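Everything on this sheet refers to the single structure shown next.
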Protein chains: 2
Amino acid sequence: MSDQVSAGALDDAVDAADGVVDAGWAPVTKARTYELVLDRVEAQITSGRLRAGDRLPAERDLAAALGVSRVAVREAMRVLQAMGVITQSTGSGRDAGTVLTAAPGEALTRLVRMHVLLASVGTADVVRARIALERESARLAATHARESDHALLTEHLAVMDDPDCSPETFNDRDTDFHVTIAHASGNRLVAEMTTALRNAMRATLLERLQGEDDFRAVAARLAREHHEIHEALLAGEGARAADLVEAHIEGFYARH
Amino acid sequence: MSDQVSAGALDDAVDAADGVVDAGWAPVTKARTYELVLDRVEAQITSGRLRAGDRLPAERDLAAALGVSRVAVREAMRVLQAMGVITQSTGSGRDAGTVLTAAPGEALTRLVRMHVLLASVGTADVVRARIALERESARLAATHARESDHALLTEHLAVMDDPDCSPETFNDRDTDFHVTIAHASGNRLVAEMTTALRNAMRATLLERLQGEDDFRAVAARLAREHHEIHEALLAGEGARAADLVEAHIEGFYARH
DNA sequence: AACTTGCTGTGGTCCTACCACAGTGAGGTC
DNA sequence: GACCTCACTGTGGTAGGACCACAGCAAGTT
């Protein structure tokens, strides 16, 4: 960004300024204050002085320590919060204030949702990305899933098997089903990204479901595919589960 | 606000309060002001009144329009900026101020990097996620890559073929090679996520390269694999390119 | 015609003050 | 002595005002 600024300032006198710049006069770095705060926090994490679960100094103290205003600190905290890196709470006591955590899920979801809304990425792109990630989720889940995961999957399947299940409930449980598989994979990054993509598409998928001429039939077909996926997972057949997941996701979008 | 006080006062007498809550007294929603601002902005985008490229009202005007302080608006802007949804600049004129854009790349990179630093996600997880995404990138690139993409790839390959190439240069060009393939896929979401993961691992990979006993030999092997990938892409063999990419990434981490 | 100058609107920063909240402990009440 | 009440303290949350730096624009000057 500083490049653009310096270039802009020199626009009116490019000829005269070029010589000066070449003579070693680099433009002054003018990072925004809150970015400096971010850098300091990141440096503390990199150096190991701060780790997940630790508590950051109070905003006022941090501002004084860094020699910046509290506003700058707060804006940096906002960014960290938006990245799912910290959680904040009021009050006094040990656990009050700003605590370093690690919850990338919600942050990823919001990020993807915003860019889908802005048409920065198309629905088809999200579908392909989902397939790529959920294939991996399914493949890993076939060998990493635990009893509790299978119990959860069974529960979701039971709800979706109900013929009186509403589109809203079905959509929620469908999401839960895929998210459960993702977390059963044991790969947190894949799981979080899978969850984010699925959640970002939640509204879109619900609209499609509600717009179905024969919701019952569609739900029944999707439920059957879910059962097949679950059976493959139970059998430990990762490759087959991956293929089934791909066909499951691809099929829904292709047909509607 | 008196509601919050009463809720707090009930903490010490949960038993007595339960009945009251069950009687339909839902707790008052207490969202932070900047989140309300975010909701309004998102609503404007959802409704179509605001789209990429549009300019948001000035912070002061937006604050007045929403009936909140400028601080709240600024914090919301920070979040949007951290998500890569807006760009801000000073000055007056048509393009000055806050503009809705769509640059998820940098935001994703920072997000992933922070969570890797916080050990929220392990290196092995990132590798598996990379493989899943880059397989898809390669598969799509085999059929979607243009002349200009191949020209870029050839250029990166030439630099990496240089025996005197430094680890830093090699690492940069290696990143460029993979990122070029990702963008050649035509799937922006996959491309951005691939780029983010590769960039987040940049420092780690460089350390490994620099720590090699025989950097030349490793570089030669990686370069050879790159050439094979490129040939598969040129031949339009997506499946083979995907397998080669997987072996390429997996191999480097497995052996070092 | 070309340059200079000041005005205006924008984000960037800081300060101060105050509010809401949650834990803590001193003090009073039973 | 056990219990309850209540003020205190430290935390983030919000507000308003002030000023700065910057970029464009228009009027004035040379």
Side-chain angles (χ1 to χ4, degrees), chain A residues 1-13 15-16 27-38 55-81 86-101, chain B residues 1-14 16 27-38 55-81 86-101:
Chain A
M1 290 298 166
S2 59
D3 322 63
Q4 296 175 345
V5 173
S6 66
L10 293 175
D11 272 345
D12 296 330
D15 298 340
V28 177
T29 60
K30 51 150 214 167
R32 280 170 277 252
T33 312
Y34 83 93
E35 287 181 343
L36 300 178
V37 178
L38 279 176
R55 201 180 138 189
L56 267 69
E59 290 179 354
R60 292 169 178 81
D61 298 342
L62 195 50
L66 296 178
V68 299
S69 75
R70 198 181 151 201
V71 176
V73 173
R74 281 184 62 79
E75 293 191 354
M77 295 301 113
R78 280 292 157 275
V79 175
L80 292 175
Q81 200 178 37
I86 63 170
T87 55
Q88 291 184 302
S89 60
T90 63
S92 68
R94 294 180 311 282
D95 297 337
T98 307
V99 178
L100 265 179
T101 54
Chain B
M1 292 305 162
S2 58
D3 320 67
Q4 294 174 349
V5 174
S6 67
L10 291 174
D11 275 346
D12 295 333
V14 179
V28 176
T29 60
K30 46 166 195 173
R32 281 170 277 250
T33 310
Y34 83 94
E35 288 181 341
L36 300 178
V37 178
L38 279 177
R55 204 179 133 192
L56 267 67
E59 289 179 354
R60 292 168 177 82
D61 297 343
L62 195 50
L66 296 177
V68 300
S69 75
R70 198 181 153 201
V71 176
V73 173
R74 281 185 61 80
E75 293 190 353
M77 296 300 114
R78 281 291 157 276
V79 175
L80 292 175
Q81 200 177 37
I86 62 170
T87 55
Q88 290 184 303
S89 60
T90 63
S92 68
R94 294 181 310 284
D95 297 337
T98 307
V99 178
L100 267 179
T101 55

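Worth saying up front: this structure is predicted, and the values here are computed from it rather than measured. Residue numbers start from 1 in every chain, and the chains themselves are labelled A, B, ... in the order their sequence lines are given, proteins ahead of strands.
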message = Tell me every residue that passes side chain to side chain contact (heavy atoms under 4.5 Å, CB included) with A:Thr87, counting only those two or more places apart in sequence or in another chain.
response = A:Val99, A:Thr101
Minimum-distance pair of heavy atoms, taken over all atoms of B:Ala96 and B:Ser89 = CA-OG, 3.9 Å
ask   = Has A:Ser89 got a side-chain N or O lying under 4.0 Å from the OP1 or OP2 atom of D:dT11?
value = no
key: Spacing of B:Leu38 atom CG relative to D:dG13 atom P, expressed in whole Å   = 14 Å
inquiry  = How close do B:Met77 and B:Thr98 get, counting heavy atoms only, and between which atoms?
reply    = SD-CG2, 4.0 Å
query = Could you give the CD-to-C1' distance, from B:Gln88 to D:dA21, as a whole number of Å?
reply = 15 Å
Comparing B:Gly97 and A:Ser92 on DNA chain C - which has the more 5′ nearest nucleotide = B:Gly97
inquiry  = In whole Å, I'd like the distance from the CE atom of A:Met77 to the P atom of D:dG12.
reply    = 9 Å
query = Quick one: B:Arg55 CZ to C:dT10 C1', roughly how many Å, whole number?
reply = 8 Å
Pairwise N/O distances under 3.5 Å, protein to nucleotides 14-16 of chain D:
{"residue": "D:dT14", "atom": "OP1", "partner": "B:Thr33", "partner atom": "N", "Å": "2.5"}
{"residue": "D:dT14", "atom": "OP1", "partner": "B:Thr33", "partner atom": "OG1", "Å": "2.5"}
{"residue": "D:dT14", "atom": "O5'", "partner": "B:Thr33", "partner atom": "OG1", "Å": "3.4"}
{"residue": "D:dA15", "atom": "OP2", "partner": "B:Ser69", "partner atom": "N", "Å": "3.1"}
{"residue": "D:dA15", "atom": "OP2", "partner": "B:Ser69", "partner atom": "OG", "Å": "3.1"}

query = Between atom CG of A:Leu56 and atom CG of A:Leu100, what is the distance when rounded to the nearest 0.5 Å?
reply = 5.0 Å
Side-chain donor-acceptor distances from residues 59-76 of chain A under 3.5 Å, at least two apart:
{"residue": "A:Glu59", "atom": "OE1", "partner": "A:Arg70", "partner atom": "NE", "Å": "3.1"}
{"residue": "A:Glu59", "atom": "OE1", "partner": "A:Arg70", "partner atom": "NH2", "Å": "3.2"}
{"residue": "A:Glu59", "atom": "OE1", "partner": "A:Arg74", "partner atom": "NH1", "Å": "3.2"}
{"residue": "A:Glu59", "atom": "OE2", "partner": "A:Arg74", "partner atom": "NH1", "Å": "3.3"}
{"residue": "A:Glu59", "atom": "OE2", "partner": "A:Gln88", "partner atom": "NE2", "Å": "3.4"}
{"residue": "A:Ser69", "atom": "OG", "partner": "A:Val71", "partner atom": "N", "Å": "3.4"}
{"residue": "A:Ser69", "atom": "OG", "partner": "A:Ala72", "partner atom": "N", "Å": "3.4"}
{"residue": "A:Arg74", "atom": "NE", "partner": "B:Glu75", "partner atom": "OE2", "Å": "3.0"}
{"residue": "A:Arg74", "atom": "NH2", "partner": "B:Glu75", "partner atom": "OE2", "Å": "3.3"}
{"residue": "A:Glu75", "atom": "OE1", "partner": "B:Arg78", "partner atom": "NE", "Å": "2.9"}
{"residue": "A:Glu75", "atom": "OE2", "partner": "B:Arg74", "partner atom": "NE", "Å": "3.0"}
{"residue": "A:Glu75", "atom": "OE2", "partner": "B:Arg74", "partner atom": "NH2", "Å": "3.3"}

remark   = B:Asp95 atom CG is separated from D:dG24 atom P, nearest whole Å, by 8 Å
ask   = Taking CD from A:Glu35 and C1' from C:dG11, how many angstroms apart are they, rounded to a whole number?
value = 13 Å
request  = Name every residue in residues 56-66 of chain A that has at least one heavy atom under 4.0 Å from any atom of DNA chain C, in order of residue number, or write none if there are no such residues.
outcome  = A:Arg60
